[in-house]
Amino acid sequence: MTVRVRIAPSPTGDPHVGTAYIGLLNWCFARRHGGQFILRIEDTDQTRCTEASAQAIYESLRWLGLTYDEGPDVGGDRGPYVQSERVKLGIYKKYADQLVAQGDAYYCFCTARDLDAMKARQRAANEPIMYDRRHRGLDLGEAQKRIDACEPYVVRMKTPLAGDFVYKDRLRKQPVVKAWKDIDDQVLLKSDGWPTYHLAAVVDDHLMGITHVIRAEEWLNSLPKHIWLNERLGFTPPEYVHVGLLRNADKSKISKRKNPTSLLWYRRQGFLPEAMLNFLATLGHSFPDGRELFSHQELAQVFDLDRINVAGPVFDLAKLRHLQGQWFRKMDPARQKAEVHRAIDERFDQLLPLLKERMACGGDFIAAAQTFYAAKVDPHLDELVPKGWTAAQARKVLEICQTAFKNHLAGEGNAWDVASLEGLVRGLIGEQSTLPFEHTEEQKAFAALWAPKGVFMALRVAATGSKESPPLFDTLAALGPMAVIERTGAAIHKLGVVKA
RNA sequence: GCUCCCAUCGUCUAGAGGCCUAGGACAUCGGAUUCUCAGUCCGACGACCGGGGUUCAAAUCCCCGUGGGAGUGCCA
């Protein structure tokens, strides 16, 4: 049996570094065993998925060199490789119908309101939060009548009520054991008629002849559902293997609020795909002879799935930078030159309109743009503290701004552009400068700081390392969220050290 | 709350019962090279979460605690 593995990202937002990580593992496994590596786009959430995001996934994988043998933009004989197209073919509906007919799934007419109320009650009673299976026993004829009357419905799986689910994951010493009674009657078909991940992935993995599913640990809890679906549908399940999740420095699951997670960001920053892959390959895995510098092709020759460590590794940018330096310095001069050009070009069109006011000659660009390409800045302490402020005050103001930036970034659909940044900071100034009727002298003094002059300067110096820059919000927008949050963080730290 | 997973230096890891006074890399600190910085070379600091077993022998196996993480969505 030839190995067939896949990655199945969802095209929402920017292509994710986690996709690259799981992609690398699957790619290596396929190459090592002479199998196929497949890309499938899982866009069954009509509200969140976009075509632009799918395109960005193709581009990012191509950039990294994780070439796939079959996929949406390269074809293959087990397609289509985009789930929305498969929905139109009626593929998932057919299997959902089969499960209902077999008595392994049922119609449920609960509304979002019903479910919310159920959860609230369960939470209050400290009970496990799951669907109470209230429509599980509904007569099929009765259900059909409601469907004919155009009542919205979903299809849920009818999981076993007793016994244990047991599965041996090759990377874990002990088998995974879960009691069936704790497993939810998961929705398989949503009320819009589209499948959920669970149904779609199981069906497609089978239809596409996937032999091994190497995926992140966040899926481990739904493993019983997937195995069960395979069984009820009469499929031979692929082997499921769960690897650790990439983490932030605080060990939580990697998130864009605490780390750059967008592959586009890394490319824009000038990171080399070789370095990125090399770095990802050291997470949870190691080269057999202890070597730390290697290409993904070299890795593929010795890659051993059983050597993966499932403890979630912290994604450490400092180590990535080190590897990047190694790769960059050993490149031939022609490629170095191309890389420098590319790094400048990536942001040139964005930066030139901003910087030209402060330029007279073409070469002035280098000095004017310096802060936008720098890995970090080191502002002078006395410049970081606006006139008449104390270091502690500057620190507090920057902390408030940084928190606002983080919250803005974490919010769904928030743009990092000039208008929203200006609105954000000016809004903050409005809030913070307003005093309650009852206030202390200290509060009054702090509120008085919140005027554009001082706040803008503190932000400017923190973000750029200098008192001179293009207009603040243009600058913040061009720097991007990661740089702004990281640099204000560094400034806060610096001001904190001084206070002590 | 409930369920599941995980646990070696600050971080990434080596270690599949004796080779471990636990090895390497990043970061940090010091020295050398250098006009400076970076790089490079050398060195220092630094870990088996705790407690019980099993065994002649445990970082490695088992149990319990603790800690961390994930899931708990008509998201994936």
Side-chain angles (χ1 to χ4, degrees), chain A residues 8-13 16 18-19 41-49 83 108-112 114-116 119 122-131 152-156 165 167 169 171-184 186-201 215-225 242-254 279-293 306-323 325-326 328-330 375 412:
Chain A
S10 192
T12 58
H16 202 272
T19 301
I41 295 292
E42 309 228 325
D43 57 347
T44 52
D45 184 342
Q46 295 185 76
T47 62
R48 296 174 63 221
C49 296
Q83 286 184 335
C108 166
F109 298 91
C110 287
T111 64
D114 296 336
L115 296 175
D116 285 347
K119 276 176 211 162
Q122 288 166 337
R123 216 182 302 274
N126 268 348
E127 286 170 19
I129 292 159
M130 58 193 284
Y131 177 63
Y153 69 95
V154 301
V155 174
R156 285 181 182 274
F165 165 85
Y167 185 83
D169 184 314
L171 295 180
R172 283 149 224 272
K173 279 179 238 148
Q174 300 295 327
V176 175
V177 179
K178 265 181 95 94
W180 277 112
K181 67 173 172 47
D182 296 328
I183 294 166
D184 218 343
Q186 183 64 235
V187 171
L188 297 176
L189 219 53
K190 305 182 245 188
S191 56
D192 62 4
W194 288 46
T196 57
Y197 169 85
H198 305 281
L199 210 219
R215 47 147 59 158
E217 198 179 34
E218 54 190 334
W219 296 111
L220 194 52
N221 284 291
S222 33
L223 179 63
K225 297 168 189 170
H242 298 87
V243 304
L245 243 27
L246 261 24
R247 312 290 184 100
N248 297 314
D250 65 4
K251 308 272 181 158
S252 56
K253 171 168 139 180
I254 195 165
F279 171 62
L280 290 174
T282 65
L283 303 179
H285 193 269
S286 60
F287 211 81
D289 67 1
R291 195 144 56 102
E292 299 241 331
L293 204 65
D306 293 309
R307 279 173 53 90
I308 291 180
N309 176 193
V310 296
V314 171
F315 189 94
D316 181 12
L317 266 176
K319 183 107 178 212
L320 205 210
R321 285 206 175 97
H322 169 257
L323 255 13
Q326 301 288 316
F328 183 79
R329 274 176 239 118
K330 74 172 192 175
E412 196 78 32

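Sequence lines set the chain letters: A, B, ... in the order given, protein chains first and strands last, and positions in each chain run from 1.
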Pairing of A:D169 and A:R172 as salt bridge, 4.0 angstrom limit: yes
Nearest-Å distance once atom P is located in both B:rG10 and B:rC6: 23 Å
Touch class at under 4.0 angstrom, heavy-atom based, for A:V154 against every strand present: base
Sugar-phosphate, base or nothing in reach of A:R123, heavy atoms under 4.0 Å: nothing
Any donor-acceptor N or O pair under 3.5 Å, side chains A:S286, A:R307: yes
Span that lies between the C1' atom of B:rC63 and that of B:rA47, in whole angstrom: 24 Å
Nucleotide range of RNA chain B lying under 4.0 Å from chain A heavy atoms: B:rG1 to B:rA76
P spacing across the pair B:rG17 / B:rA59, given as an integer number of angstrom: 13 Å
For A:R291, salt bridge (Lys or Arg N to Asp or Glu O under 4.0 Å) partners two or more places apart: A:D289, A:E298
Touch class at under 4.0 angstrom, heavy-atom based, for A:T44 against every strand present: sugar-phosphate
Counterpart residues, salt bridge (Lys or Arg N to Asp or Glu O under 4.0 Å), relative to A:K190 (two or more places apart): none
Closest-nucleotide ordering on RNA chain B, the 5'-leading residue of A:G312 and A:A318: A:G312
Watson-Crick or G-U wobble partner of B:rC48, both distances under 3.5 Å: none
For A:D184, all residues meeting salt bridge (Lys or Arg N to Asp or Glu O under 4.0 Å), sequence neighbours excluded: none
If you look only at distance, which donor and acceptor atoms sit under 3.5 Å apart when one is on a side chain in residues 308-315 of chain A and the other is two or more places apart or in another chain?
none

Ring geometry between A:W219 and A:H198 (parallel below 30°, tilted from 30 to 60°, perpendicular above 60°): perpendicular
Watson-Crick or G-U counterpart of B:rC56, or none if no pair lies under 3.5 Å: B:rG18
Sugar-phosphate, base or nothing in reach of A:R321, heavy atoms under 4.0 Å: nothing
C1' gap between B:rA25 and B:rU8, integer Å: 15 Å
Pairing of A:K119 and A:E127 as salt bridge, 4.0 angstrom limit: no
Sugar-phosphate only, base, or nothing, as touched by A:Q174 at under 4.0 Å among non-hydrogen atoms: sugar-phosphate
Sugar-phosphate only, base, or nothing, as touched by A:W219 at under 4.0 Å among non-hydrogen atoms: base
Touch class at under 4.0 angstrom, heavy-atom based, for A:Q122 against every strand present: nothing
Touch class at under 4.0 angstrom, heavy-atom based, for A:S191 against every strand present: base
Touch class at under 4.0 angstrom, heavy-atom based, for A:S252 against every strand present: sugar-phosphate
Span that lies between the P atom of B:rA38 and that of B:rG1, in whole angstrom: 49 Å
Sugar-phosphate, base or nothing in reach of A:N126, heavy atoms under 4.0 Å: sugar-phosphate
Under 3.5 Å on both distances, the Watson-Crick or G-U partner of B:rC35: none
Sugar-phosphate only, base, or nothing, as touched by A:Q326 at under 4.0 Å among non-hydrogen atoms: sugar-phosphate
Spacing of the P atoms in B:rC9 and B:rG23 (rounded, Å): 14 Å
Sugar-phosphate, base or nothing in reach of A:C110, heavy atoms under 4.0 Å: base
Touch class at under 4.0 angstrom, heavy-atom based, for A:L220 against every strand present: sugar-phosphate
B:rC74 versus B:rC62 - spacing of their P atoms, nearest Å: 37 Å
Counter-base of B:rU3, judged by Watson-Crick or G-U geometry with both distances under 3.5 Å: B:rA70
B:rG43: pairing nucleotide in any strand, Watson-Crick or G-U under 3.5 angstrom: B:rC29
Closest-nucleotide ordering on RNA chain B, the 5'-leading residue of A:S286 and A:K119: A:S286
Sugar-phosphate, base or nothing in reach of A:R291, heavy atoms under 4.0 Å: nothing
Residues which pass ring-ring contact (aromatic ring centres under 6.0 Å, His included) with A:F165, listed by chain and number, not counting sequence neighbours: A:W180
Span that lies between the P atom of B:rC48 and that of B:rA32, in whole angstrom: 33 Å
